[in-house]
There are 2 protein chains.
Amino acid sequence: MKRGTQPGMVRQEDVAARAGVSASTVSRALTRPEMVTPETRRRILEAAEALGYAPNQLARSLRKQGSRTIGLIISDILVPFHAEVAKGVEDLASEHGFATILCNSGEDPREEMRYLEVLRGFQVGGIIIEPTRGTAQRQRIEALVRSGTRVVEVDRISGARGVTSVLSDNLGGAASAAEYLLSLGHRSFAVIAGDTSITSGKERLAGFQGSLERQGVSLDPRWVLSCPNTPEGGYRAARELFARPGLPSALFVQNAQMMSGVLRAVREAGLEIPLELSVVCFDETQWAALVNPPLTVVAQQAYELGHTAAKIIVESMERRGARQKSRVVRLPTRLIVRESCREAQPSRPDAPAISGHSRAR
Amino acid sequence: MKRGTQPGMVRQEDVAARAGVSASTVSRALTRPEMVTPETRRRILEAAEALGYAPNQLARSLRKQGSRTIGLIISDILVPFHAEVAKGVEDLASEHGFATILCNSGEDPREEMRYLEVLRGFQVGGIIIEPTRGTAQRQRIEALVRSGTRVVEVDRISGARGVTSVLSDNLGGAASAAEYLLSLGHRSFAVIAGDTSITSGKERLAGFQGSLERQGVSLDPRWVLSCPNTPEGGYRAARELFARPGLPSALFVQNAQMMSGVLRAVREAGLEIPLELSVVCFDETQWAALVNPPLTVVAQQAYELGHTAAKIIVESMERRGARQKSRVVRLPTRLIVRESCREAQPSRPDAPAISGHSRAR
DNA sequence: ACGTCTGCTGCAATCGATTGCAGCCGTTAT
DNA sequence: ATAACGGCTGCAATCGATTGCAGCAGACGT
């Protein structure tokens with residue numbers, strides 16, 4: 001009767017009964033084979049197989065004080081960059097027998113805090129998070145770390161002390177874009193910077209600007225636009241830029257989400273890339289090579305970002321003694337040159353307002 | 001000393017001590033407020049807050065015989081369609097206080113079986129799976145369902161009895177593509193069908209072909225190519241088609257992954273779309289409107305697919321009495337007309353082999 | 001032949017939250 | 001005044017796997 005309520009529930013004890021041993025022995029046969037006579041072990045495995053036994057991870061984790069689980073908090077799995085990070089995490093996790101709990105914070109600090117709490121409740125072995133700006137979360141993260149939870153940040157830095165971060169060399173990546181444009185002769189630039197309150201945005205802007213300045217070229221702040229990191233944000237920013245007189249000859253877009261919006265604006269404005277405007281953007285995507293013209297981009301190693309973060313957590317769990325010390329891992333970026341930039345025209349007297357020719361269908 | 005090992009671990013008992021009650025009362029204050037005096041409850045909540053208490057979900061789930069968790073098995077989170085499904089699942093789950101465990105099967109039946117087992121071990125409340133072909137998995141799924149685990153299939157059908165499936169109206173979607181092309185006057189067609197051993201591929205092909213036949217047009221099987229559901233697969237299939245003489249005037253590509261490969265082949269072959277070839281593909285993507293020309297596609301409600309599947313599981317858990325009966329939910333598709341098709345030329349004497357002009361950069 | 005050691009197994013406590021049952025106290029009806 | 005009742009709380013068992021400790025058998029040495 002009692003058994004009937006959960007027909008599928010097979011416990012170690014059931015396996016033990018069938019194999020004629022005690023539950024302890026079953027446990028040992030499964031987790032520490034060397035402690036059990038081969039013959040006994042064989043009988044137990046056979047019984048387990050016959051009954052379709054699967055160990056109850058909840059009970060195991062409860063006893064072991066920690067589950068083989070990694071919590072992943074990202075802003076939005078629909079953004080290909082995040083999906084790649086997630087894949088990297090999941091691959092490494094599953095390779096080591098860990099499960100991945102996926103949480104979409106939607107860039108909302110309150111959701112992020114809630115998830116942090118939820119994951120703690122699940123006794124996860126570690127948390128990988130892409131932190132939003134905000135001191136409340138930073139403090140929460142610090143508290144978690146102090147209480148012994150392993151936390152690794154990806155893509156951004158919250159500023160919390162004692163946390164390891166894995167991210168791209170945003171400075172270097174943006175600088176390589178700047179250098180490339182400079183080498184083509186460009187001297188006037190616009191930047192669609194996106195959300196500069198998060199570290200990645202800040203770093204990319206600083207990298208781009210710094211590289212220019214090292215070459216004695218200054219970036220006019222009126223041509224640097226902040227906006228939400230979304231296609232819509234990019235679209236609006238681009239529209240605003242294109243509506244102004246004296247458009248610079250080159251544009252740097254700080255991520256691919258915004259870039260897709262920029263392309264829409266480009267199309268609507270009837271601008272010719274790279275004829276009238278050279279463009280480089282951060283992030284490689286499936287479609288960067290498919291659009292017209294193929295885009296020159298700064299590629300991040302998104303998969304490796306996630307993979308590395310997960311590896312740090314798993315390794316710190318395996319050798320459980322050593323307390324992880326915090327550090328920052330930077331993964332290099334790579335400039336992929338395609339066809340969205342061309343040499344700056346020697347010296348147009350002064351940049352004429354872009355012509356208003358009708359959209360080229 | 002013992003306490004010192006896990007400094008962050010606060011238990012109900014600790015909260016109870018601080019509030020001057022027993023652990024049972026703490027439990028009730030948290031989960032069944034009406035059973036506790038308001039004043040007591042207030043003291044308990046205060047103590048919990050002060051100590052930073054978070055309930056141990058593992059212990060709770062162990063006792064309750066089931067966790068508020070949904071397992072999601074998909075082939076690859078990098079495919080935008082799957083990411084959207086995942087987002088739909090995660091959104092609904094988190095709305096109801098469920099966590100989502102993400103598993104990438106990589107389309108590998110053995111991985112899929114392994115994950116099924118892992119998820120059972122986690123005592124998940126339900127499993128959402130995108131099943132690969134194969135009888136072994138079908139049987140495993142049937143066994144799971146018999147043993148009381150809630151399983152919902154998305155996007156595809158494994159054939160397992162007793163399972164609810166949520167998928168797109170592939171037949172209707174493909175038919176709408178066919179009808180549209182027919183209405184433009186096309187009479188000769190090629191299809192890049194992808195993997196026709198999985199139900200979605202099979203259904204789309206059947207829908208396309210069926211629609212043609214109802215109009216008295218037949219589909220020449222030599223112009224129907226199977227291939228892996230990947231960009232590379234689409235690329236190779238397209239190359240093969242383009243190398244043959246007598247290319248039909250319209251092409252149907254059965255998903256977006258393959259479509260991105262097809263575009264590459266189109267570019268390399270120097271084909272003009274829609275001038276020399278009209279194209280429709282299944283799946284809406286971020287980039288469908290960005291490429292040249294913007295693609296006419298059959299859009300699926302991917303997010304809703306995941307959302308609906310998760311809802312079925314959550315609802316069946318809430319009213320735990322009722323055993324879910326299996327059913328099939330079909331979500332409609334929508335044809336989005338852009339610019340990748342044009343009217344068929346009245347009557348070219350006979351389709352000339354495509355010209356081999358050099359690649360237009 | 002006896003003691004000792006090694007290797008395997010079982011017993012029982014444990015992880016933290018939940019819940020049936022019983023006890024306690026104050027209130028109300030008779 | 002006493003009985004009955006209802007509301008709130010605590011006790012202790014429970015979920016399933018793990019593990020320190022002890023027991024037991026067989027091997028080996030002397």
Side-chain angles (χ1 to χ4, degrees), chain A residues 1-3 5-6 8-17 19-44 47-48 51-68 97 120-125 148 320, chain B residues 1-3 5-6 8-17 19-44 47-48 51-68 118 120-125 148 320:
Chain A
M1 172 114 272
K2 202 168 132 206
R3 205 96 319 280
T5 19
Q6 289 286 61
M9 215 35 178
V10 182
R11 298 158 307 158
Q12 280 190 344
E13 203 182 314
D14 304 323
V15 176
V21 294
S22 78
S24 329
T25 306
V26 174
S27 171
R28 283 189 275 251
L30 264 33
T31 59
R32 276 153 1 157
E34 75 285 2
M35 291 189 70
V36 162
T37 310
E39 160 60 15
T40 310
R41 181 169 140 78
R42 197 192 52 68
R43 278 213 322 282
I44 290 175
L51 295 174
Y53 169 77
N56 185 325
Q57 300 294 343
L58 268 45
R60 171 198 291 246
S61 304
L62 175 60
R63 180 60 228 256
K64 289 278 214 71
Q65 298 283 68
S67 62
R68 290 180 82 78
R120 186 153 76 95
F122 272 98
Q123 315 292 107
V124 294
R320 53 176 54 237
Chain B
M1 171 115 273
K2 201 168 129 205
R3 204 96 321 278
T5 18
Q6 286 288 61
M9 214 35 177
V10 182
R11 301 158 304 160
Q12 279 191 345
E13 202 181 314
D14 304 323
V15 176
V21 295
S22 77
S24 328
T25 307
V26 174
S27 171
R28 282 189 275 252
L30 264 33
T31 58
R32 277 154 0 158
E34 75 285 1
M35 289 188 70
V36 163
T37 310
E39 159 61 14
T40 310
R41 181 169 141 77
R42 196 191 54 68
R43 278 211 324 281
I44 291 175
L51 295 174
Y53 169 76
N56 185 324
Q57 300 294 342
L58 269 45
R60 172 200 290 249
S61 304
L62 175 60
R63 181 60 228 254
K64 290 277 217 67
Q65 299 282 69
S67 63
R68 289 180 81 79
V118 169
R120 185 153 76 97
F122 274 96
Q123 314 292 109
V124 295
R320 53 175 53 237

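Numbered from 1 within each chain, the chains take letters A, B, ... in sequence-line order.
Between the CE atom in A:Met9 and the CZ atom in B:Arg120 there is a gap of 8.5 Å [rounded to 0.5 Å]. Atom CD in B:Gln57 sits 13.0 Å away from atom OG in A:Ser61 (nearest 0.5 Å). Rounded to the nearest 0.5 Å, atoms CZ (A:Arg11) and CG (A:Asn56) are 11.0 Å apart. Note that OH of A:Tyr53 is 11.0 Å distant from CD of A:Glu13, once rounded to the nearest 0.5 Å. A:Leu58 CG to B:Gln65 CD: the interatomic distance, rounded to the nearest 0.5 Å, is 9.5 Å.
When all heavy atoms of A:Gln12 and A:Val26 are compared, the closest pair comes out as O-CG2, 3.9 Å.
For the pair A:Gln65 and C:dG16, the criterion of a side-chain N or O lying under 4.0 Å from OP1 or OP2 is met. Phosphate proximity of C:dG16 to B:Tyr53: absent, as no side-chain N or O sits under 4.0 Å from OP1 or OP2. A close approach under 4.0 Å does not occur between any side-chain nitrogen or oxygen of B:Gln123 and OP1 or OP2 of D:dC15.
With the end axes of the helix from C:dA1-D:dT30 to C:dT30-D:dA1 each set by five pairs, the angle from one to the other reads 50° at 10° resolution.
Take B:Ser27 and apply the side chain to side chain donor-acceptor pair (under 3.5 Å) test, not counting sequence neighbours, and it matches no residue. By the salt bridge (charged side-chain N to carboxylate O under 4.0 Å, His left out) test, A:Arg28 is found to be paired with no residue, residues two or more places apart in sequence or in another chain being considered. Annotation: side-chain contact (heavy atoms from CB on, under 4.5 Å) contacts of A:Thr25 (sequence neighbours excluded): A:Val21, A:Ser22, A:Val36, A:Thr40, A:Ile44. Not counting sequence neighbours, the partners of A:Glu39 by the salt bridge (charged side-chain N to carboxylate O under 4.0 Å, His left out) test are A:Arg42, A:Arg43.
To the nearest angstrom, P of D:dG16 lies 17 Å from CZ of B:Phe122. D:dT14 atom C1' lies 14 Å from atom CE of A:Met9, rounded to whole Å. Between A:Arg43 atom CZ and C:dT9 atom P the separation is 8 Å, expressed in whole Å. Rounded to an integer number of Å, the gap from A:Glu13 CD to D:dT14 P is 12 Å. Separating the CG atom of A:Asn56 from the P atom of C:dT14 is a distance of 21 Å, rounded to the nearest angstrom. For the pair A:Leu62 CG and C:dA13 P, the interatomic distance rounds to 17 Å; values are reported in whole Å. Here the C1' atom of nucleotide D:dG7 and the CE atom of B:Met35 are 9 Å apart, to the nearest Å. Atom CG in B:Leu58 sits about 17 Å away from atom P in D:dC15, given to the nearest Å.
For DNA chain D, the neighbouring residues in residues 19-34 of chain A, judged by any heavy atom under 4.0 Å, are A:Ser24, A:Ser27, A:Arg28, A:Thr31.
Considering only side-chain atoms of B:Gln12, the nucleotide from D:dG16, C:dT18, C:dG16 that sits closest is C:dT18. Nearest nucleotide to the B:Thr37 side chain, out of C:dT9, D:dT9, D:dA17: D:dT9.
Where A:Val36 and B:Arg60 meet DNA chain C, the nucleotide closest to each residue was compared, and A:Val36 sits on the side nearer the 5' end.
Evaluation of atom-type donor-acceptor distances gives a pair under 3.5 Å for the side chain of A:Arg63 against the base of C:dT14.
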